[in-house]
Every structure is written in structure tokens, then in C-alpha cells.
Amino acid sequence: MDLTDRPRRLRRDGVRELVRETRLSPADLVAPVFVDATTDERVPIPSMPGHERVPVEDAVERVETVLDAGVDAVILFGIPAEKDAEGSRAWAPDGVVQRAMRAVTAETDALVIGDVCLCEYTDHGHCGVLEDGARTAPRLTVDNDATLERLGRVAVSQADAGAQVVAPSGMMDGMVGAIRTALDDAGHDDVAIMSYAAKYASAFYGPFRDAADGAPAFGDRRHYQQDPANAREALREVALDVEQGADVIMVKPALPYLDVVRRVRERVDRPVAAYNVSGEYAMLHAAADRGWLDLEATALESLTSIKRAGADVIVTYFAETVAPLLR
Ligand code: PBG
């Protein structure tokens with residue numbers, strides 16, 4: 001046998017590092033942080049080991065821990081003290097997220113991203129205001145256009161509170177354009193939009209819904225989030241968001257949708273983000289707890305794969321775990 005081409009030459013110690021194609025860096029990572037107005041103590045999230053909901057008073061300290069781990073960016077989620085049909089606490093200047101943002105942006109150097117959605121703030125748990133009668137009629141759903149104006153208010157309230165990036169996650173048609181206009185009209189033309197452009201109706205969000213108390217009280221999100229079976233449709237969503245002014249394009253979840261990450265990367269010239277969601281985190285922890293998987297190794301391999309698929313930015317609950325390993 002004549003073996004002239006021997007790829008193993010490049011896998012020897014020393015050489016392997018030199019020819020590595022993908023390098024994961026703490027600078028790629030965004031750490032989610034949950035701020036909770038219903039508690040004055042930190043509350044651990046059982047299905048997301050290592051994560052907790054923190055009271056507003058602890059937001060700065062929580063973010064400082066993230067920064068100390070070597071992660072510079074956080075995305076803030078809020079759990080309000082009260083919910084209503086409209087989700088009005090989502091845009092209150094003294095809302096839980098707005099208060100946390102003010103403190104964190106005043107007292108730390110973290111890059112602060114705000115998740116812009118209504119599901120944690122509405123009493124029905126959907127990502128927008130409902131069409132009349134939707135509570136009893138399964139074919140009715142979220143009123144898209146009535147929701148847009150509210151999303152604009154949420155984004156502006158977060159920008160007013162210091163957010164440098166807003167991340168609309170509600171999958172409403174036209175949300176990016178509506179938010180861009182609202183931000184610009186309010187003088188926030190320097191605030192960027194990282195759009196959850198291709199967000200799937202995924203069962204992998206389960207633990208997050210415990211964490212943020214945002215499960216729909218009835219029905220599900222299939223009327224607005226994407227069908228997991230569709231990849232071409234994601235490209236259409238992405239094109240619309242780029243047209244409307246999205247600065248960063250996100251795909252969510254990440255691991256089960258790496259083909260989508262890759263296709264989006266090839267299609268657009270904007271930065272691509274991927275959200276390594278709560279279920280992707282929980283399943284590695286559950287297996288590691290049983291001694292079935294090595295947590296750090298599988299987390300690093302997962303995140304490296306997401307980057308290899310084409311993501312420039314990775315939102316992940318593993319940020320604090322892996323960043324120290326990457327330094
Ligand atoms: C809000 C939102 C969700 C997540 C991020 N923003 C929940 C949902 O759509 O049900 C999920 C994050 C995760 O699972 O880690 N719309």
C-alpha cells in the first residue's frame with residue numbers, strides 16, 4: 001500500500017494546535033442572566049444547575065461574576081412582580097430588567113443585551129397581545145401587528161436603561177423594522193439589533209420556561225415560532241430581518257439546527273449568532289450527573305461545533321464554565 005497522503009501527520013502534538021481551523025474564545029460568548037422581581041433572595045433553577053434567578057439588588061454582583069470568569073457580554077431576562085394581558089411591565093421604566101440594566105451599565109463594563117419579548121410579562125405567557133377570543137379558540141393566536149408597537153416600547157425602554165444591543169425573540173413578522181424605527185425615533189440609532197431571526201418552536205426550551213416562568217398558559221408557540229422541519233423558511237426569515245435592519249442574525253436552538261446556522265452563514269454578510277438553549281445545557285448536565293458524559297469536554301465540543309458551523313456569537317449557559325478553560 002502506497003500511503004503518501006497521511007493526514008495523521010498534522011494530528012501530532014504541537015502540529016495539531018497550529019492547524020486548528022476553529023478556535024473558541026471567551027470573546028465569542030454571551031451569558032444569560034435572570035433577574036427576578038418576585039424575590040429578595042437568589043433562587044437556584046433546578047433544571048439549569050449553576051444558574052439562579054437573582055433579585056435586582058444582586059444583578060451587578062451576578063454580572064461581575066460573569067466578567068470575572070472572562071465573559072464580557074450578558075443577555076438579561078426579567079421575571080416581573082406582576083403580569084397582565086398586555087405584558088406592560090416589559091416596557092416599564094422601573095421594570096425589573098430596566099432597573100437591572102441601569103445598575104449593570106452604570107457599575108460594570110459588561111456589554112448588556114436585552115431580550116425583547118413579552119412572554120415573561122403576559123399573564124397568558126404568549127409572546128404578544130392576543131387576538132380577541134384567543135383564550136378559548138385554538139385557531140386564534142397572538143395579534144402580530146398590535147404586538148409590534150409594544151415591542152418597540154420594550155426596546156426603547158431597554159435602550160433608555162443602557163442596553164447597547166436589543167434582541168427581539170418573539171418571532172413576530174416585522175418586529176425588526178418596528179423596533180429599528182422606534183429606536184431611531186427615540187434617538188437610539190447607536191443601539192444594535194440582534195434578531196432571533198430563525199427561532200424554532202422547540203421542545204429544548206423546557207428548562208428556560210421554568211427559569212423565566214414564561215410557559216404559555218394555553219396552546220403553544222407554533223403559530224409564530226418556526227416549524228423544526230423547515231430550513232429554507234429560515235433563510236426567508238433571515239432575509240426579511242436583514243432587510244428590516246437587523247445587525248446580527250440569530251438561529252435558535254443551536255445544536256439541533258447546525259445545518260441552519262451553516263446555511264445562514266453562507267447567505268448573509270452579517271454576524272451570525274446561535275443560541276445554545278436551556279435544554280442543550282440541561283441534557284449535558286443530566287448525563288454528566290450520572291457519570292455518563294464528561295461535562296467540560298462535551299460543553300467545549302458542543303460550542304466548538306456551533307462555531308465551526310458558522311456562528312460568530314454563541315449565547316450559552318456554559319459561558320462561565322468554559323471561559324476559564326479557554327484562557
Ligand atoms: C422568550 C425566549 C425564550 C427563550 C429565549 N427567549 C423562550 C421561548 O421562546 O419559549 C429560550 C431560551 C432557552 O431555552 O434557553 N421568547
Side-chain angles (χ1 to χ4, degrees), residues 29-35 45-53 74-80 83 87 89-90 96-97 113-122 124-129 141-142 144 147-148 150-151 154-155 158 163 165-172 175-176 179 193-228 237 248 250-257 273-286 299 302-303 306 313-321:
L29 308 176
V30 179
V33 165
F34 297 98
V35 193
I45 303 164
S47 51
M48 299 171 66
H51 284 273
E52 15 178 54
R53 307 166 167 205
V74 293
I75 181 164
L76 294 187
F77 293 95
I79 298 99
K83 305 190 185 217
R89 296 302 296 169
V96 57
V97 150
I113 305 173
D115 184 82
V116 175
C117 196
L118 298 182
C119 58
E120 295 119 56
Y121 301 88
T122 51
H124 45 76
H126 279 285
C127 300
V129 287
T141 177
V142 169
N144 191 90
T147 299
L148 293 181
R150 272 112 177 156
L151 294 178
V154 178
Q158 294 185 355
V165 181
V166 293
S169 63
M171 287 299 280
M172 295 298 125
M175 67 180 184
V176 172
I179 288 171
I193 300 177
M194 176 166 86
S195 174
Y196 291 68
K199 177 172 176 179
Y200 287 88
S202 171
F204 286 97
Y205 305 150
F208 176 92
R209 291 179 186 176
D210 300 338
D213 191 23
F218 60 90
D220 53 48
R221 303 205 205 287
R222 279 181 288 186
H223 293 276
Y224 40 102
Q225 297 181 347
Q226 264 191 253
D227 183 343
E237 284 283 1
V248 181
M250 183 140 72
V251 175
K252 175 183 177 183
L255 289 178
Y257 297 89
Y275 199 134
N276 178 229
V277 302
S278 57
E280 300 174 56
Y281 178 80
M283 63 186 178
L284 295 193
H285 266 279
S302 299
L303 300 177
I306 294 166
V313 176
I314 306 173
V315 183
T316 178
Y317 304 96
F318 285 116
E320 286 165 273
T321 310

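Read the numbers this way: they start at 1 and go in the same order the structure lists the ligands and their atoms.
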Only heavy atoms of [X], strictly under 4.0 Å: list the atoms of ligand 1 that pass.
{"X": "Val277", "value": "13 (C), 14 (O), 15 (O)"}
{"X": "Lys252", "value": "2 (C), 3 (C), 4 (C), 5 (C), 6 (N), 11 (C), 12 (C)"}
{"X": "Phe77", "value": "5 (C), 6 (N)"}
{"X": "Cys119", "value": "1 (C), 16 (N)"}
{"X": "Cys117", "value": "16 (N)"}
{"X": "Arg209", "value": "8 (C), 9 (O), 10 (O)"}
{"X": "Tyr317", "value": "12 (C), 13 (C), 15 (O)"}

Q: Only one of Tyr317, Phe318, Phe208, Phe77 passes ring-ring contact (aromatic ring centres under 6.0 Å, His included) with His51; say which it is.
A: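 Exactly one pass, corresponding to Tyr317.
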
Q) Are any of the heavy atoms in Ser169 under 4.0 Å away from ligand 1? A)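 Yes, that is the case, since the closest heavy atom of the residue is under 4.0 Å from the ligand.
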
**Q.** ligand 1 contact by Glu280, heavy-atom criterion under 4.0 angstrom
**A.**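 Distance cut 4.0 Å: Glu280 fails for ligand 1.
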
Q. So is there a nitrogen or oxygen of Glu120 less than 3.5 Å from a nitrogen or oxygen in ligand 1?
A.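 It does not: no N or O of Glu120 is found under 3.5 Å from an N or O of ligand 1.
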
Q | N/O donor-acceptor pair under 3.5 Å between His285 side chain and Ser47 backbone | A |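 Not at all, since once roles are kept as given, no pair shorter than 3.5 Å links the two residues.
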
Q: Could you pull out the closest heavy-atom pair between Pro253 and Tyr205, with the gap in Å?
A: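 For Pro253 and Tyr205, the tightest heavy-atom pair comes out as CD-OH, 3.6 Å.
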
Q) How does Ser278 reach ligand 1, by side chain, by backbone, by both or by neither, if only non-hydrogen atoms under 4.0 Å count? A)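 Ser278 to ligand 1: contacts from backbone and side chain alike.
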
Q: Give the contacting part of Tyr281 toward ligand 1: side chain, backbone, both or neither, where contact means a heavy-atom distance below 4.0 Å.
A: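 None of Tyr281 does.
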
Q | Interatomic spacing from NZ in Lys199 to CD in Gln225 - rounded to 0.5 Å | A |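 Between Lys199 NZ and Gln225 CD, I get 4.5 Å after rounding to 0.5 Å.
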
Q | More than 12 heavy atoms from other groups under 6.0 Å of OH on Tyr281 | A |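 Above 12, so yes.
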
(Q) Applying side-chain contact (heavy atoms from CB on, under 4.5 Å) to Val154 and Gln158, what does each step give before you reach the verdict? (A) CA-CA 6 Å; Val154 178; Gln158 294 185 355; 3.7 Å; yes

Q: Show your working on side-chain contact (heavy atoms from CB on, under 4.5 Å) between Cys127 and Val142 and close with a plain yes or no.
A: CA-CA 7 Å; Cys127 300; Val142 169; 5.5 Å; no

Q) Which residue supplies the protein heavy atom nearest to atom 2 (C) of ligand 1, what is that atom called, and how far is it? A)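 Of the protein heavy atoms, Lys199 NZ, 3.3 Å lies nearest.
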
Q: Go through the steps for Lys83 and Asp213 under the test salt bridge (Lys or Arg N to Asp or Glu O under 4.0 Å), then give the verdict.
A: CA-CA 11 Å; Lys83 305 190 185 217; Asp213 191 23; 3.3 Å; yes

Q | Contact check, side chains of Val96 and Arg89, non-hydrogen atoms, under 4.5 Å | A |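 Contact flag for Val96/Arg89 side chains = no.
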
